[in-house]
Amino acid sequence: QVQLVESGGGLVQAGGSLRLSCAASGRAFSTYGMGWFRQLPGKEREFVAAINWSIGRTSYADSVKGRFTISRDNAKNTVYLQMNSLKPDDTAVYYCAADASSGRYYGGGVNVYEYDYWGQGTQVTVSS
């Protein structure tokens with residue numbers, strides 16, 4: 001079992017920055033693909049960013065490219081989402097997710113169904 005705990009959400013003005021953190025349990029963390037998703041009430045969860053450390057691949061939704069950066073520290077079992085130039089449209093609950101079953105060279109996709117474990121979510125609110 002993998003447990004994920006997000007932190008770092010909050011209220012920020014448009015143009016500001018936040019850094020989300022996701023601490024993971026599990027000795028095989030470095031082999032997991034990791035992703036960030038977000039969701040608004042009544043809407044489907046949408047992809048934000050993903051990282052596969054084994055092959056050095058990162059992926060981003062078009063809406064966040066150039067503003068958000070995903071990274072990980074395997075020594076700390078933690079993945080980060082640095083969010084800059086925030087917009088009101090970025091307001092959502094942000095979820096961290098782990099793909100523990102695709103294998104170290106294939107994990108970190110853009111689809112919700114590819115991930116096995118999810119955190120509880122952290123609220124990000126961007127005011128105009």
Side-chain angles (χ1 to χ4, degrees):
Q1 292 292 322
V2 177
Q3 291 186 322
L4 304 172
V5 179
E6 300 104 332
S7 61
L11 173 64
V12 64
Q13 288 189 332
S17 298
L18 283 174
R19 189 177 80 155
L20 305 183
S21 299
C22 173
S25 64
R27 284 180 282 183
F29 174 78
S30 64
T31 67
Y32 302 159
M34 297 297 296
W36 286 97
F37 291 75
R38 64 189 183 186
Q39 188 171 23
L40 285 170
K43 295 199 173 182
E44 293 188 353
R45 199 164 293 189
E46 67 174 16
F47 170 74
V48 175
I51 185 167
N52 182 308
W53 178 79
S54 296
I55 59 174
R57 181 185 70 202
T58 57
S59 304
Y60 296 93
D62 288 343
S63 59
V64 307
K65 277 181 184 175
R67 300 188 298 122
F68 290 11
T69 302
I70 188 170
S71 62
R72 63 193 295 166
D73 184 338
N74 289 333
K76 295 182 178 179
N77 275 21
T78 301
V79 64
Y80 304 97
L81 184 67
Q82 178 67 44
M83 306 186 294
N84 297 330
S85 301
L86 282 161
K87 306 175 181 179
D89 284 350
D90 295 319
T91 295
V93 176
Y94 283 71
Y95 295 91
C96 171
D99 174 1
S101 58
S102 294
R104 66 186 306 153
Y105 299 113
Y106 301 99
V110 303
N111 300 297
V112 169
Y113 64 77
E114 296 180 82
Y115 291 83
D116 308 293
Y117 301 97
W118 294 84
Q120 81 287 352
T122 185
Q123 177 70 47
V124 172
T125 302
V126 184
S127 63
S128 57

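Both backbone and side-chain heavy atoms feed into the values below; hydrogens, waters and symmetry mates do not.
With hydrogens and angles disregarded, no donor-acceptor distance shorter than 3.5 Å links the side chain of Tyr117 to the backbone of Ala24. Not a single donor-acceptor pair under 3.5 Å links the side chain of Gln120 to the backbone N or O of Val5. Not one N or O on the side chain of Ser54 forms a donor-acceptor pair closer than 3.5 Å with the backbone of Thr31.
Taking each heavy atom of Leu11 and Ser127 in turn, the nearest pair found is CD1-CB, 4.3 Å. The shortest non-hydrogen separation linking Ser85 to Ser17 is N-OG, 4.3 Å. The heavy-atom pair separating Ala50 from Gly108 by the smallest distance is CB-O, 3.4 Å. Shortest non-hydrogen contact noted between Gly121 and Val93 is CA-CG1, 3.8 Å. Residue Val64 comes nearest to Val48 through the heavy atom pair CG2-O, 3.5 Å, listed as atom of the first residue, atom of the second, then distance.
For Glu46, the side chain to side chain donor-acceptor pair (under 3.5 Å) partners two or more places apart in sequence, or in a different chain, are Arg38. Qualifying side chain to side chain contact (heavy atoms under 4.5 Å, CB included) partners for Ala23, counting only residues two or more places apart in sequence or in other chains: Thr78. Qualifying side chain to side chain contact (heavy atoms under 4.5 Å, CB included) partners for Tyr106, counting only residues two or more places apart in sequence or in other chains: Ser102. Residues satisfying the side chain to side chain contact (heavy atoms under 4.5 Å, CB included) test with Ser7, not counting sequence neighbours, are Ser21. Listed by chain and number, the residues in a ring pair (Phe, Tyr, Trp, His ring centres under 6.0 Å) with Phe29 amount to none (sequence neighbours excluded). The salt bridge (Lys or Arg N to Asp or Glu O under 4.0 Å) check on Lys65 picks up Asp62, with sequence neighbours excluded. Annotation: side chain to side chain contact (heavy atoms under 4.5 Å, CB included) contacts of Gln39 (sequence neighbours excluded): Arg45, Tyr95.
Pairs of residues two or more places apart, or lying in two chains, that qualify as ring pair (Phe, Tyr, Trp, His ring centres under 6.0 Å) and include a residue from residues 36-56 are Phe37-Phe47, Phe37-Tyr115, Phe37-Trp118. The disulfide (SG to SG under 2.5 Å) contacts involving residues 43-81 comprise nothing, where partners must be two or more places apart or lie in separate chains. Applying the disulfide (SG to SG under 2.5 Å) test to residues at least two apart or on different chains, the pairs with a partner in residues 61-128 are Cys22-Cys96. The salt bridge (charged side-chain N to carboxylate O under 4.0 Å, His left out) contacts involving residues 93-114 comprise nothing, where partners must be two or more places apart or lie in separate chains. Pairs of residues two or more places apart, or lying in two chains, that qualify as salt bridge (charged side-chain N to carboxylate O under 4.0 Å, His left out) and include a residue from residues 66-75 are Arg67-Asp90.
Residues Ile70 and Val110 do not share a hydrophobic cluster, defined by chaining ILVMFWY side chains whose heavy atoms lie under 4.5 Å apart.
The 12-atom threshold is exceeded at CD of Gln123, counting heavy atoms of other residues, nucleotides or ligands nearer than 6.0 Å.
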